[in-house]
Enquirer: 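Mind looking over this structure? Questions follow.
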Amino acid sequence: MLIAFLLVVLAASVGAARESRETFQEEALVRPLPDGRIAFVAHFRQETSLVARHHETFPKAIAQIARATGVADAELSFTQGRWMYRRWGRPPVGAKPIGAELWAAFAAESDEVADEGWANLTAMFGGQFCASLSALRDEQVVVEPALVFRPWDGSARVDRDGISSDNRRRHGSLPAEAVCTENLTPWLKLLPCRDRAGIAALLGSRSSVFGAEYVSFTARVRVRGDALELTQSATLVVDANKIAREPEGGHRLTSLLGVDRGGGANGIRACAAATSTAVHVQTKGGTAFAFGGRKVHTAVADEGRRVDTAVAADEASRPAWLSWDVSAAEDFDVAVRPGGGDEGTVAPELYAERVVTGSGYHRGGISIELRRPEGSKSASGTRARLFQTLPWYVRVFIHTLAVEMDGVPVPVPTSGADVGANGGAVEALRWVPGVDRRRPSTMELQVLMPASASVARVSFKFEKAFLRISEFPPDANRGFDLPAALLSLPPVSPRDGHEFGESRLLDLVEGVASEVGDTHSEGVYMQGALLTLPTPDFSMPFNVTTMVCTLMSLLAGALLTTLTRRPGWEGFGKLKAEQRKRLKSLEKEARKARAGKSE
Amino acid sequence: MRTWSALALVLALVARATGDAAADTPARRAEAFFQSSSSSPAGGSNHTSNWAVLVDASRYWFNYRHIANTLSLYRTVKRLGIPDSNIILMLADDVSCSPRNSFPASVFGNANHLANLYGDNIEVDYRGYEVTPENLLRVLTDRHAPGTPRSKRLLTDAGSNLFLYITGHGGDEFMKFQDQTEIMSKDIADALEQMREKRRYNEVLFIAETCQAATLAARFYSPGVLAIGSSEKGENSYSHHLDRSIGLSVIDRFTYWTLEFMESVTPHAGATLAQWFSQLTNHRLHSTAKPRLELFPRGAHDARVTDFLGHVSKAAPMAGGGYEGLSSSRGGRVRTESADAGDDAATRGGDGRGDGTGGGAAAAAAGKSGGEGARLKVGDEDAGRVPKAVDGGWATPGARARGEGVAFAAVSCAALVGAAAWVSAKAY
């Protein structure tokens with residue numbers, strides 16, 4: 001009996017061990033930017049089985065959320081600052097819009113199920129990451145994208161039917177959301193070693209992370225069959241000019257990120273739970289020195305002791321990567337010397353900028369400019385998708401939508417049937433008008449920018465709605481943040497000789513997702529915009545109350561007077577007083593007379 | 001893992017054996033347990049868990065000091081052992097990562113910058129626009145929209161001691177939220193009564209740091225509530241000192257002197273509320289902080305600071321007895337299978353926010369901050385000559401509070417009606 005029991009226990013534990021095969025990969029990337037700044041990317045990927053009831057390193061909270069919400073794919077991002085495309089080129093890992101953004105795909109048979117999943121997801125993520133994500137449950141901010149936030153297929157299919165049942169997407173963003181320690185700490189707590197060891201230890205100094213010029217951290221939860229995957233990625237842009245240099249002339253990563261504690265054990269110590277730990281440095285024109293670690297996959301390999309490698313990358317070659325496997329390292333650090341040119345940075349296929357036009361409180365407009373970088377040529381033109389969602393109080397006049405190529409107007413289809421029919425530059429248009437207090441408006445546009453054109457401009461006009469007094473936020477006079485518009489570009493073709501599967505992070509940086517067939521498009525977010533709405537003086541209701549009371553009381557008084565006063569009564573009081581006076585004198589005389597008589 | 005469970009099993013068996021060896025009758029053990037209560041670390045209180053609701057009701061950068069006030073108390077309750085899962089922290093604005101803050105991710109309550117009140121491990125449960133009177137009342141009465149995460153709920157029971165702290169701009173019986181809405185003393189009083197009816201608290205310590213703060217507790221009528229405000233009716237509350245590198249007053253007087261006292265409190269020292277309140281003199285505060293004790297018969301002399309701000313409570317006796325009430329402090333050395341520890345584990349498991357380092361971090365903080373009480377005194381002498389910020393409603397540069405507007409309108413309305421009546425009577 002006992003033996004049988006023990007056997008069962010043993011079998012169960014063996015089964016558990018097999019089912020909880022979990023992986024955790026951590027990687028970091030350093031890229032010097034042309035203006036003396038340094039971009040740092042930390043990338044973490046954890047994988048487990050969705051059905052596993054026990055997890056060794058994978059965060060239980062995420063597994064529970066994935067199971068409870070039925071989510072197939074979701075990405076949450078927190079961002080502070082703006083990625084400067086013109087100065088810094090294409091970001092290593094997609095830049096995100098300011099504030100918080102969440103999108104999710106649900107494998108749900110109906111929209112109701114997906115909506116419920118979305119409501120749960122926002123509440124759970126909001127609790128998990130200490131953010132006001134519950135505001136995204138509001139139907140006023142949720143949209144369903146059809147063209148973007150999905151693998152790039154390049155076709156112009158925009159009908160609502162294109163949304164297949166296993167692919168119901170929801171998107172919402174909070175451009176005014178504050179991003180601070182309380183968001184980063186739970187994000188770090190999802191990692192097996194938190195911020196105590198491994199790459200994540202480089203994010204240990206909160207003041208350095210939030211003192212960076214651009215900070216963005218994302219968490220992506222994905223379900224693929226039985227596998228549950230959590231990918232976390234953090235991007236920082238640090239101004240290296242403010243930080244002391246090493247004697248060798250570079251900046252140590254630890255001092256850049258403010259985690260330099262001085263003394264002996266100072267560098268990166270791999271997280272014991274990690275299946276792999278790697279650091280990559282992009283050094284075209286620049287130099288990198290490593291302290292400790294084992295170098296892999298570099299153009300020039302040179303093993304040494306203290307200063308391990310000093311490689312001046314070949315100027316002629318494409319961006320060169322130096323990679324170190326630091327799984328076994330006790331004290332790894334890398335010093336980077338920026339080259340000072342435009343080395344290593346690649347401009348995106350198109351720059352995108354959005355401005356709010358018009359003046360006054362009533363009408364306004366939005367103009368989006370897509371500009372090809374100087375000197376870049378495209379043989380067959382560029383296909384781009386534009387995603388713009390606006391709150392309901394921005395009432396867009398869709399008939400004013402105009403598209404220009406180099407200043408020449410291009411016909412815009414007015415109905416779905418016209419789309420792409422006349423071979424116009426606007427290949428697809430999906431327009432979901434907003435409904436007051438119910439739904440935001442969504443515009444999705446696919447534009448083919450000819451190879452000859454250098455600037456495309458999309459513009460439209462809108463009217464601002466009046467809000468009720470209870471709908472204004474406390475800081476209404478600051479203005480209302482409009483969600484960032486997104487330009488979605490075709491996937492970037494990888495560099496010649498890039499080998500997939502070696503590093504997830506490098507696959508991402510090269511512009512391809514690691515999975516075959518899941519080529520993700522390149523997203524360029526435009527800057528946020530502030531819109532001034534007609535904002536009342538909030539003491540107005542009380543002024544009105546006072547005013548009305550004044551008028552009412554004056555009216556009531558006048559009315560009372562009119563009702564009670566009679567023309568015949570003019571001088572009545574005086575008459576009476578005179579009569580009374582006379583009566584009194586008469587009485588007096590009578591009394592006197594009576595007294596005289598009695599004498 | 002298995003080694004540990006085996007060890008635990010062995011320990012449990014040993015405990016059981018020793019328990020059996022001490023041949024007490026259950027009645028005697030129970031008697032001994034209840035007699036021991038007076039000498040237990042929890043003092044005269046018979047609560048089983050501690051919760052804190054800390055509210056900063058002010059938005060905007062120039063109200064930095066209110067956020068610093070709230071975070072001072074957050075730091076204190078966390079240092080004294082209340083875990084994040086038992087703290088509801090409401091901050092109406094984000095000053096720590098505000099572009100105006102030259103010290104990113106930091107909030108200082110003292111110009112000496114010795115203690116970063118924001119810390120590395122903060123959990124803000126309600127922030128920004130979410131900080132409203134409605135949400136505060138929802139938290140107190142636990143009436144939430146379906147799907148509200150556990151981290152945003154106050155999961156107290158009849159054995160819970162609640163520490164409720166509100167700071168911001170207020171006036172006679174009201175407190176402004178974000179310069180837009182407001183909560184009245186009556187609202188809080190009714191919410192507390194509802195909590196009592198639902199058996200959601202054992203005792204409550206209510207603190208208001210605002211102008212005329214004592215009036216915010218004036219309408220309270222539920223038993224077991226001890227209230228103290230930073231000033232009496234008709235008095236202003238003042239800020240303590242200015243930090244020139246931040247460019248603002250960074251803390252208010254009541255909280256400054258409270259923090260000053262609390263930094264010397266350790267979880268097991270047994271400091272009483274009366275000792276704390278005796279530190280809050282008119283000389284230091286420039287206002288009168290007088291506790292309202294009529295709803296709190298136990299008195300401030302018997303109540304310990306850790307009854308409300310700490311996580312020290314009596315534990316249920318284990319089989320075998322033989323010990324007096326044990327302390328179950330999150331930051332302390334002793335950990336027992338007490339009722340609130342189980343409660344905690346359930347909470348943490350439920351909201352999936354595993355906070356394994358919480359205890360360790362709190363312990364570290366406790367160790368680290370021991371010596372800071374004395375150092376926090378710097379900047380004190382500065383206080384005399386810096387401009388003081390006042391927490392009165394009218395002193396705010398923002399819009400007038402709605403309630404004041406209504407009152408103003410009502411008064412002027414009445415006055416005008418009276419005047420009109422007089423005019424018409426005169427005419428008549």
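Just so it is clear, the values below take in all heavy atoms, side chains as well, and ignore hydrogens, waters and symmetry mates. In what follows, chains carry the letters A, B, and so on, assigned in the order in which the sequence lines appear, proteins first and then strands, with residues in each chain numbered from 1.
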Enquirer: Okay, side chain of B/Q180, backbone of A/F472: is any donor-acceptor separation there less than 3.5 Å?
Expert: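 Looks like yes, one N/O pair under 3.5 Å.
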Enquirer: Any chance CZ of B/R100 has more than 12 other-residue heavy atoms, nucleotides or ligands included, within less than 6.0 Å?
Expert: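 No, because the 6.0 Å sphere around CZ of B/R100 holds 12 heavy atoms or fewer from other groups.
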Enquirer: May I ask you to check whether A/S134 and B/E130 show a side-chain donor-acceptor distance below 3.5 Å?
Expert: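 Yes - a donor-acceptor pair under 3.5 Å links their side chains.
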Enquirer: Heavy-atom distance under 4.5 Å to chain B: side chain of A/A63, backbone, both or neither?
Expert: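 No part of A/A63 comes within 4.5 Å of chain B.
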Enquirer: State whether a side-chain donor-acceptor pair under 3.5 Å links B/Y129 with A/D475.
Expert: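 Checked: B/Y129/A/D475 side chains pair up, N/O donor to acceptor below 3.5 Å.
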Enquirer: Which region of B/F177, side chain (C-beta onward) or backbone (N, CA, C, O), has a non-hydrogen atom less than 4.5 Å from a non-hydrogen atom of chain A, or is it both or neither?
Expert: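 Contact with chain A: none, neither part.
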Enquirer: Testing B/P99, B/P104, B/C97 for side chain to side chain contact (heavy atoms under 4.5 Å, CB included) with A/Q80, which one passes?
Expert: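 Passing option: B/C97.
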Enquirer: If only atom types and distance count, is the side chain of B/R127 paired as donor or acceptor with the main-chain N or O of A/A178 below 3.5 Å?
Expert: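 Such a contact is found between B/R127 side chain and A/A178 backbone.
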Enquirer: Report the residue from B/I122, B/L89, B/N121, B/L91 that forms a side chain to side chain contact (heavy atoms under 4.5 Å, CB included) with A/E182.
Expert: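 Among the candidates, only B/I122 passes.
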Enquirer: Quick one: closest heavy-atom pair of B/P149 and A/A123, and the distance?
Expert: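 The pair with the smallest heavy-atom distance is CG-O, 3.4 Å.
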Enquirer: Check each atom of A/V179 against the heavy atoms of chain B and say whether the ones under 4.5 Å are side chain, backbone, both or neither.
Expert: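 Just its backbone gets close to chain B.
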Enquirer: Only counting residues at least two apart or in another chain, list the ones meeting side chain to side chain contact (heavy atoms under 4.5 Å, CB included) with B/D172.
Expert: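 Scan of B/D172 (side chain to side chain contact (heavy atoms under 4.5 Å, CB included), adjacent residues dropped) gives B/Q212, B/T215, B/K233.
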Enquirer: Identify the two heavy atoms, one from A/T181 and one from B/A105, that lie closest to each other, and give their separation to 0.1 Å.
Expert: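 Smallest heavy-atom distance, with atoms named: OG1-CB, 3.6 Å.
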Enquirer: Taking every heavy-atom pair that is under 4.5 Å apart, which of A/P474, A/A119, A/S205, A/G573 has the most such pairs with chain B?
Expert: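 With the most close heavy-atom pairs to chain B, the winner is A/P474.
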Enquirer: Could I get the full list of side chain to side chain contact (heavy atoms under 4.5 Å, CB included) partners for B/S245, not counting sequence neighbours?
Expert: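 With sequence neighbours excluded, B/S245 shows a side chain to side chain contact (heavy atoms under 4.5 Å, CB included) to B/F103, B/H113, B/D243, given in chain and number order.
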